[in-house]
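Computation of the quantities below employed the complete heavy-atom set of this structure, encompassing side-chain atoms and omitting hydrogens, waters and symmetry-equivalent molecules. Start at 1 and go down the list; that is how both ligands and their atoms are numbered.
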Amino acid sequence: MSVTMETLVSLCKRRGFVFQSSEIYGGTGSCWDYGPLGVELKNNIKRVWWRDFVQQRADMVGLDASILMHATVWKASGHVDHFTDPMVDCRECRRRFRADKVDEQPWVHYCPATKGNKFTIPAGEPCGHCGARRTLCPECGKGELTPPRQFNLMFRTFMGPVEEDAAVTYLRPETAQGIFVNFDNVLQSMRRKLPFGIAQIGKAFRNEITPGNFIFRTREFEQMEIEYFVNPNDTVAGRPADEYWHERWIEDCVGWFKRYGLREENLRLREHDKDELAHYAKRTADVEYRFPIGWSELMGIANRTDFDLKQHAQFSGKTLTYFDEDRKAHVVPYVIEPSAGADRALLAFLADAYREEEVRGEKRVVLRLHPELAPVSVAVLPLLKKRDDIVETAQKIRDELAKRWIAVYDDTAAIGRLYRRQDEVGTPYCVTVDVQTVGDRDKGEAGDGKVTIRDRDSMDQARVPIGELVPVVGELLAGGEWTKIAARFPAVKVS
Ligand code: ATP
């Protein structure tokens, strides 16, 4: 069963992942705020991406460029003149649509064959009664659409106190250009040899004509981008270096998404057709994911050739080349650009993790998030919140675990319900402190100093001495198998 967008939106709001921006004022079109759990999940995605693609690779470095840049950057990059989408307006209801997406929406039809009847007809299909195809506005079904006009997607703003043309600049529509303009700074300061890459994670802004589908398409979003510079004169494994590295990056990116939980059957690669390719691109492949709205782009991996560096060299008058020691010649590197959206990645991870299961006749909602992505790594729960010694022990354990991982303490419900709540937000492990742990002073019974640890996916439990909890949780969160832990520590029968 695949999850619907409505179910995800409602889970995200109810459990503090994502809220509508400025909700108390009626909300802002297509802007979303990440709540307490959402910010942890998104930070985890960005953290593992940065660790895996920047810190663990010898051929990568990072950068954090500013959002506001010199206005000429956007002239040189082509964004001022070409970063446009064709839009059409409805002459009746004044709604605006992307001309190239209009036919992908269901449309409203007043059917002459069935007097007075208004129908919503699925995208791309004709009316089942009269056979008509959509010619009017897909929303109101009445208005003619204007011919397409080009609409620039960049947000314009002014730098400084004077709102005059000279001060015009833009909120960056992609993080990539911050990397290109710093190419030489990084090359010189870090003494890099080709091939090497520069990565950046940051906000980007696009005045999308038709934003929507929750956090899939918004006007403010975050990108995780890499510009990987290669020597176009080199050959690797019998192929031109740019083609070889393009293929490698496609494999690495798809592999990364799989490693953190996206199922193979929900991922596919889509090559851009020749007529769809940007004029400077040699090849572009999109990694598509089967979102609740259907197959859509999760990220793009483009071979941008030497276009960007040459443009910036021309507009800035600076030399942006690499000195090839072997050939004793300057060369303008080619660039492979893996570009992913952090918000789209989060949506894909959530959608893929969502499961509804039946457990002993009851519905269980569980997010099977990868342990390194889960917003809470471990929850510590007291079996009885009225027993001070149990509460105190549980809080101490939480404090100890919180030094290394995201650990929470919760005593706001009975244990069964606490487990269900943690399952619903994807917490991979829960630790429960009970009477056996601390003993019973009144009866003169000593505790065994052990706690119950519960695995989210199997719901199995094992009893672990408090002193061994940190290494055990550490092993599990580092990818250790539950069955190995369960084999070392006696299992507890689930009541
Ligand atoms: P689309 O065709 O969906 O508009 P794009 O091809 O314009 O996307 P790119 O310019 O290649 O997107 O941007 C790289 C990545 O940034 C996308 O694959 C996506 O993950 C993310 N992204 C782009 N636009 C948005 C947006 N409006 N909201 C959220 N994420 C976005």
Side-chain angles (χ1 to χ4, degrees), residues 5 18 21 28-34 38 42 45-46 49 53 74 77-79 82-87 97-102 104 151-155 170-180 199-228 246 249-250 253-254 256-257 262 267-273 276-281 283-291 293-304 307-308 335-351:
M5 197 65 110
V18 183
S21 161
T28 316
S30 91
C31 292
W32 300 89
D33 296 341
Y34 287 88
K42 199 175 181 199
I45 292 170
K46 293 187 285 183
W49 186 91
F53 286 126
W74 306 110
S77 67
H79 283 84
H82 303 297
F83 194 57
T84 55
D85 274 340
M87 63 166 200
F97 307 93
R98 250 172 81 167
D100 56 336
K101 299 274 182 204
V102 166
E104 292 174 16
F151 174 78
N152 195 298
L153 300 183
M154 282 199 294
F155 279 97
Y170 305 90
L171 300 187
R172 67 180 178 201
E174 60 176 32
T175 59
Q177 300 303 324
I179 298 180
F180 293 126
Q200 170 160 232
I201 297 179
K203 291 261 179 167
F205 304 82
R206 296 181 188 180
N207 201 4
E208 300 276 4
I209 298 165
T210 38
N213 290 320
F214 193 32
I215 51 172
F216 179 82
R217 188 181 303 286
T218 52
R219 294 196 168 110
E220 173 181 341
F221 55 98
E222 237 172 326
Q223 290 187 310
M224 308 188 287
E225 291 199 298
I226 292 167
E227 304 303 330
Y228 195 77
H246 197 171
W249 275 108
I250 292 172
C253 291
V254 173
W256 188 84
F257 279 110
L262 299 192
L267 283 166
R268 73 179 186 195
L269 208 63
R270 189 181 72 82
E271 292 285 340
H272 282 212
D273 295 333
E276 188 191 351
L277 272 183
H279 63 96
Y280 50 78
R283 175 191 172 198
T284 298
D286 287 346
V287 177
E288 293 193 332
Y289 178 74
R290 202 203 308 244
F291 285 98
I293 50 169
W295 287 102
S296 308
E297 177 179 331
L298 172 60
M299 71 173 298
I301 305 156
N303 180 344
R304 297 176 71 116
F307 173 78
D308 302 274
V335 164
I336 307 300
E337 180 190 75
S339 170
D343 313 84
R344 275 191 203 176
L346 186 143
L347 184 60
F349 284 126
L350 271 184

A.B. asks: Between Gln223 and Pro173, what is the shortest heavy-atom contact and its length?
C.D. replies: OE1-O, 4.3 Å
A.B. asks: To which of Phe83, Phe221, Phe205, Tyr289 does the heavy atom nearest atom 31 (C) of ligand 1 belong?
C.D. replies: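 Heavy atom nearest to atom 31 (C) of ligand 1 belongs to Phe221.
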A.B. asks: For the rings on Phe291 and Tyr289, is their centre-to-centre separation under 6.0 Å?
C.D. replies: yes
A.B. asks: List the steps and the verdict of side-chain contact (heavy atoms from CB on, under 4.5 Å) for Ile301 and His246.
C.D. replies: CA-CA 8 Å; Ile301 305 156; His246 197 171; 3.6 Å; yes
A.B. asks: Relative to atom 7 (O) of ligand 1, which among Glu220, Arg206, Lys101, Glu297 owns the nearest non-hydrogen atom?
C.D. replies: Arg206
A.B. asks: Indicate yes or no: does an N/O atom of Thr218 lie under 3.5 Å from an N/O atom of ligand 1?
C.D. replies: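 Between Thr218 and ligand 1, an N or O pair is found under 3.5 Å apart.
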A.B. asks: What pair of heavy atoms forms the shortest contact from Cys253 to Phe53, and how long is it?
C.D. replies: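 Looks like CA-CZ, 4.4 Å.
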A.B. asks: Among all protein heavy atoms in this structure, tell me which lies nearest to atom 19 (C) of ligand 1, with the distance rounded to 0.1 Å.
C.D. replies: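 It is Arg344 NH1, 3.5 Å.
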A.B. asks: Mark yes or no for whether Arg219, through its side chain, and Glu208, through its backbone, hold a donor-acceptor pair below 3.5 Å.
C.D. replies: yes
A.B. asks: In ligand 1, which numbered atoms sit nearer than 4.0 Å to a non-hydrogen atom of Ser339?
C.D. replies: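 Listed by number with element, the hits are 13 (O), 14 (C), 15 (C), 18 (O).
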A.B. asks: Can you name the atoms of ligand 1, numbered from 1 with element, that are less than 4.0 Å from a heavy atom of Met299?
C.D. replies: 18 (O)
A.B. asks: If you measure only the distance, is there a donor-acceptor pair under 3.5 Å linking the side chains of Asp343 and Tyr34?
C.D. replies: yes
A.B. asks: Ring-plane angle category for Trp256 and Phe349, please: parallel below 30°, perpendicular beyond 60°, tilted otherwise.
C.D. replies: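 Answer is perpendicular, since the angle exceeds 60°.
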A.B. asks: Does Asp343 approach ligand 1 within less than 4.0 angstrom via side chain, backbone, both or neither, non-hydrogen atoms only?
C.D. replies: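 Asp343 to ligand 1: no contact under 4.0 Å from either part.
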A.B. asks: Any N or O of Gly341 that comes nearer than 3.5 Å to an N or O of ligand 1?
C.D. replies: yes
A.B. asks: Testing the basics here: between Gln177 and Trp74, what is the closest heavy-atom pair and its distance to 0.1 Å?
C.D. replies: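 That would be CG-CZ3, 3.4 Å.
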A.B. asks: Hey, which atoms in ligand 1 end up nearer than 4.0 Å to a heavy atom of Glu208?
C.D. replies: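 Going through ligand 1 atom by atom, the ones under 4.0 Å from Glu208 are 24 (N), 26 (C), 27 (N).
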A.B. asks: Counting non-hydrogen protein atoms only, what is the nearest one to atom 4 (O) of ligand 1? Give residue, atom name and distance.
C.D. replies: Arg217 NH1, 2.6 Å
A.B. asks: Considering only heavy atoms of Phe216, which atoms of ligand 1 have at least one such atom less than 4.0 Å away?
C.D. replies: 28 (N), 29 (C), 30 (N)
A.B. asks: Below 4.0 Å, non-hydrogen atoms only: which portion of Gln223 touches ligand 1? Side chain, backbone, both or neither.
C.D. replies: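 Under 4.0 Å from ligand 1, Gln223 contributes side-chain atoms alone.
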